Every structure is written in structure tokens, then in C-alpha cells.
Enquirer: 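What follows is a structure written as C-alpha cells; I'll ask about it next.
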Amino acid sequence: MTENYIDILGSKAKKASRELALIDSKTKDFLLGKMAEALEVVSEEILVENAKDLAQAESNGISETMQDRLRLTEERITAMADGIRQVVGLLDPIGQVDKMWRNEDNLLIGKQRVPLGVIGIIYESRPNVTTDAAALCFKTGNAVILRGGKDAYNSNKILTEVLRATLVVEGYSPDAIQFVDDTSHEVANQMMKATEYLDVLIPRGGAGLIRRVKETATVPVIETGTGNNHVYVDKDAQIDMALNIVNNAKTQRPSVCNAAETVLVHSDIAEKFLPQLEELLLQKNVQLRADEQAIKYLKSAIPAEEDDWSTEYLDYILAVKVVSSIEEAIDHINKYNTKHSEAIVTDNYFASQKFLAEVDAAAVYVNASTRFTDGFVFGFGAEIGISTQKLHTRGPMGLEELTSTKYIIYGEGQIRE
């Protein structure tokens, strides 16, 4: 690639973003519907390319749980298409005026939703991010430059080609959706510094990727954090409910960022709860890493080390700790968590409200699995990622989170004295 490769993509994206901003909602929805159809029509070709990535992953010794992040199936392609269709069904925020008022000078002032402009996304091994990001950006009038990881190169490339080809067939610029055809660190660094073209950069992946983007980028960054998530089983929890929630949060899909990595158990309930949890999780071959108190009630656990409390395993591993109070649980969570998703299991209303108020995370649950932190599940159609920072947004990022605002002011010849 040439030295100014990202500049070339960025220039095209900038132009496309201005054209895209002029397309009305009905037309955008029509084009998105065509993209969804196209994914299903060429699903066999997509699976062929995905098989290349899976074969490479296996030869590189990538774990089965991480291969699952990469794997596409007919069902997953259908889900990707359905995600785009759900985006079609959502209200387009662009052009909406949140409020209008008159000031003392009789100016009519409004606050209007507008696109961010050009969004860059650097992400790792999940091909569905390609279609989710493209659909959400397109709906909100943002051009997008997609830079996926080398593990999913073939999958991401064909998915982007399908979306771009749809735009070409319908007579629109394909440069609203662009793919970085180079997975080198050099080009990634170019992208992180493309301040002339990118309005925002969104990293989505592991801790290493997010840290590197934060430290290197001069483009404004929205951090989509890793998921060192906890389930706290309170002394007033229903045992069966707690077992189901922890089992689901850990094992339903351990390779994703909303899976649980640590369970905290109140000492009053530990003797009864932990042996049942161990029996349940051993059926899924989950390795338990327990503190001194918890290990007394477990047969197969190994002693936890300090690093276990801060590790996002993305695997069939669960850290276990016994706490003496809800205050200790909250302190532990706020010390070690990544501000993603946290859950309490309890029948005590006051405990639930204390947990909701004091736990610092993008999503906080009472009596439900952390696995629900997902833009599709929340009704956003898809998501760009889950922001764990507090500016400019927090939690699953859907349509509204990909917009900014500007003030529109109507006057009748007023001048400021």
C-alpha cells in the first residue's frame, strides 16, 4: 500500500459523507433493505470466504472459543441480515429537532440531530461487526471506514464488497462504506492519525487493541471496552435463579465481551450455593479459580491469584470470591471491573437499589444475565460497540449514539447590541 493509503480512503469517505447526508430516510431504508437481501443471496460465497479464515485460525492454534467469534453460518448470516432490517424499522434520528425555544432577543433556537461525518472503526475477529457498523453508520448519514483484523480478513472483505456492490447497482456511491485492504500496524497507525478525514475512531476488540488506539490516536476516540464482568449473588438471592444466571452469563457464549468472568457470593449463602454451582459448571468444563474462602466449598477449584480478578478470560474459566457484605462486593467490582456489565441476584429491594446506585458500569442488572448487554437485544437493530466511557456516550451504541447536534437559529433581522 502507498504511504497515503488512508488519505485516499479518507478523501473518498469525506466526499461520500456529504452525498450521504442529502439522502432522505426512505431512500436510506430502501438501500439498507437491498443490502440485507444481498447478504442472503450470496450467503454461500460468504461462507466459502469465512471457511478460509477459520482454516487459518485453526492452523494458527486459535482456541475454539475464539474461533466461535469468527465463525459464520447460514443462521448467523440471516441474523446479520435481520439486524439490518431491524435498523430499517427504526426511526431515523437525523434531522430531528430535540427542542426549540425563543430567547430574549426573539430568536427561535433549535437543537438538531446531525451525522458525525466520517467514522473509522478498528476491530478484531467478529465479521458481524462489519454489517452492524455499516448499517448503523449508513442509516445515520455517516460514511464509514472499516479496518477489521487479519483473522477475519476474507470474511470482512466479501461482506464489504456485497454492501458496496448494492450501492453501485442502485446508483449510489459505494464510498460511503469502505474497507481497509491492509491489516498492517503501519496502516492502522495512519488511520489513528487521519484527523483531516476521520471525525471519530471507534476501536472494538481486546484490551491490547483498545489501549494501543487510546495511546496512539490523535483522532477523537470512543472507547468500547473489554468486559471483565461480575455477577454478585446476594444473601437474599434465590438459589435456582442465581445458578441459572451465572451459568448463562459464563457459558452461553464465553468468548464475548458481555460474558461474566467473576462470581461474588455472600458468605451467608456460599456453603449452599457454591457446591451446586460447581456441579453445574463442571458439566460445561468450566475451570474455577477461587479465593481462600470459596475454595473451602469447592472440590475442583484452583487457588485464585491477584491477576484473576482483573482478567477477561473469554473462555471457560470463572473466578470465584466469597464476600461478607454487599459493600465488599461493590468495592471489589468498582476496583476490578472494566465498566461494562454487572449483575446482582437478590430478592432484597434495598440491596438491588444500592447496587444500581453504587456500581460504576455502562449496564447494571438486577436478577438477569449480563449477556443481554447488546444493541440488538436492546432494540437498536445492531450496535457499533459498547462504550465504557462517559463521553460522548455510554453502553450499547445504536443510531442516536452515532449522531451529534447543531443549533439552528431563526431570526427576523436581529443584531446584538
Side-chain angles (χ1 to χ4, degrees), residues 54 57 62-73 75-76 79 124-126 128 206-207 225-234 237-265 269-270 272-291 294-295 297-302 304 307-322 329 332-333 336-338 340-346 361 363-374 376-378 386 396:
L54 287 169
I62 292 177
S63 70
E64 177 57 37
T65 54
M66 295 307 289
Q67 287 184 46
D68 181 62
R69 292 166 70 99
L70 176 60
R71 182 174 291 108
L72 292 178
T73 62
E75 292 76 18
R76 288 186 180 181
E124 291 179 337
S125 303
R126 294 175 64 182
N128 66 292
T226 53
N228 185 29
N229 309 316
H230 303 71
V231 177
Y232 166 55
V233 181
D234 187 46
Q238 295 180 36
I239 294 290
D240 288 344
M241 179 191 292
L243 290 171
N244 287 334
I245 287 173
V246 174
N247 182 38
N248 178 263
K250 178 71 262 181
T251 70
Q252 196 255 349
R253 198 175 179 191
S255 63
V256 293
C257 63
N258 55 21
E261 305 293 11
T262 298
V263 60
L264 304 172
V265 183
I269 204 172
K272 184 176 182 181
F273 176 76
L274 285 175
Q276 294 184 57
L277 180 66
E278 180 178 37
E279 182 180 357
L280 181 63
L281 294 183
L282 283 178
Q283 298 173 25
K284 304 286 183 65
N285 295 314
V286 175
Q287 180 190 100
L288 301 178
R289 300 182 181 181
D291 76 338
I295 209 165
Y297 307 114
L298 301 167
K299 298 177 181 177
S300 63
I302 63 174
D307 286 349
D308 287 310
W309 309 126
S310 56
T311 298
E312 183 188 29
Y313 300 111
L314 300 174
D315 204 344
Y316 289 96
I317 302 170
L318 181 68
V320 184
K321 181 178 177 63
V322 171
H332 180 96
I333 290 170
Y336 292 103
N337 79 341
T338 52
H340 195 297
S341 300
E342 305 296 341
I344 182 175
V345 186
T346 186
V364 186
Y365 293 85
V366 176
N367 295 333
S369 169
T370 58
R371 284 284 290 117
F372 289 106
T373 308
D374 177 275
F376 188 90
V377 174
F378 278 21
I386 297 168

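Computed from a predicted structure; not experimentally measured.
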Enquirer: Give the minimum heavy-atom separation between T370 and A343, together with the two atoms involved.
Expert: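 So the two residues come closest at CG2-CB, 4.0 Å.
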Enquirer: Do Y316 and N285 come close enough that some side-chain heavy atom pair is under 4.5 Å?
Expert: no
Enquirer: Roughly how far, to the nearest 0.5 Å, is CD1 of I333 from OG1 of T338?
Expert: 11.5 Å
Enquirer: Grab the two heavy atoms, one from A249 and one from V231, that are nearest each other, plus how far apart they are.
Expert: CB-CG2, 4.2 Å
Enquirer: Could you grab the distance from atom CG of L274 to atom CG of L288, nearest 0.5 Å is fine?
Expert: 8.5 Å
Enquirer: May I have the step-by-step check of side-chain contact (heavy atoms from CB on, under 4.5 Å) for F273 and V246, ending in yes or no?
Expert: CA-CA 11 Å; F273 176 76; V246 174; 4.3 Å; yes
Enquirer: Which pair of heavy atoms, one from A361 and one from S341, lies closest together, and at what distance?
Expert: CB-N, 4.5 Å
Enquirer: NZ of K321 to CG of D291: how many Å apart, nearest 0.5 Å?
Expert: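 Answer rounded to 0.5 Å: 4.5 Å.
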Enquirer: Taking side chain as C-beta onward, heavy atoms only, is L277 less than 4.5 Å from L243?
Expert: yes
Enquirer: Considering only heavy atoms from C-beta outward, does the side chain of H340 approach that of N258 to under 4.5 Å?
Expert: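 Answer yes - side chains close enough.
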Enquirer: Applying salt bridge (Lys or Arg N to Asp or Glu O under 4.0 Å), which residue pairs with at least one partner in residues 309-319 are found, sequence neighbours left out?
Expert: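 For residues 309-319, and leaving out neighbouring residues, there are no salt bridge (Lys or Arg N to Asp or Glu O under 4.0 Å) pairs at all.
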Enquirer: Taking only residues two or more places apart in sequence or in another chain, which ones pass side chain to side chain donor-acceptor pair (under 3.5 Å) with Q252?
Expert: R371
Enquirer: About how many Å separate CE of M66 and CZ of R126, when rounded to the nearest 0.5 Å?
Expert: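 With rounding to 0.5 Å, CZ (R126) is 9.5 Å from CE (M66).
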Enquirer: Taking all atoms of both residues into account, what is the closest heavy-atom pair of A368 and I245, and its distance?
Expert: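 For A368 and I245, the tightest heavy-atom pair comes out as N-CD1, 3.6 Å.
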Enquirer: With the threshold set at 4.0 Å, does a side-chain nitrogen-carboxylate oxygen contact exist between E279 and K299?
Expert: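 Looking at E279 and K299, the cut-off is not met.
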Enquirer: Answer yes or no: is there a side-chain heavy-atom contact under 4.5 Å between Y365 and V345?
Expert: no
Enquirer: Using a strict 4.0 Å threshold on nitrogen-to-oxygen distance, state whether D307 and R289 make a salt bridge.
Expert: no
Enquirer: Please work out whether the ring planes of H230 and H332 are parallel, tilted or perpendicular, with thresholds of 30° and 60°.
Expert: perpendicular
Enquirer: How many angstroms lie between atom CD of E64 and atom CG of D68, to the nearest 0.5 angstrom?
Expert: 7.0 Å
Enquirer: Indicate yes or no: at least one non-hydrogen side-chain atom of N229 is less than 4.5 angstrom from one of T373.
Expert: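 Counting from C-beta outward, N229 and T373 never come under 4.5 Å.
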Enquirer: Between K250 and V263, is any pair of side-chain heavy atoms under 4.5 Å apart?
Expert: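 They are not in contact (no side-chain heavy atoms under 4.5 Å apart), so the answer is no.
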Enquirer: Given side-chain contact (heavy atoms from CB on, under 4.5 Å), test Y336 with T262 step by step and report yes or no.
Expert: CA-CA 10 Å; Y336 292 103; T262 298; over 6 Å; no
Enquirer: Can you confirm whether Q283 sits close enough to T251 that some side-chain heavy atom of one is under 4.5 Å from a side-chain heavy atom of the other?
Expert: no
Enquirer: CG of D374 to CD1 of I386: how many Å apart, nearest 0.5 Å?
Expert: 6.5 Å
Enquirer: Is any side-chain heavy atom of T311 less than 4.5 Å from a side-chain heavy atom of N228?
Expert: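 In short, these two side chains do not touch, never coming nearer than 4.5 Å.
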Enquirer: Nearest heavy-atom pair of N247 and K284: which atoms, and what distance?
Expert: OD1-NZ, 3.7 Å
Enquirer: At their closest point, which heavy atom of L264 faces which heavy atom of A329, and how far apart are they?
Expert: CD1-O, 3.7 Å
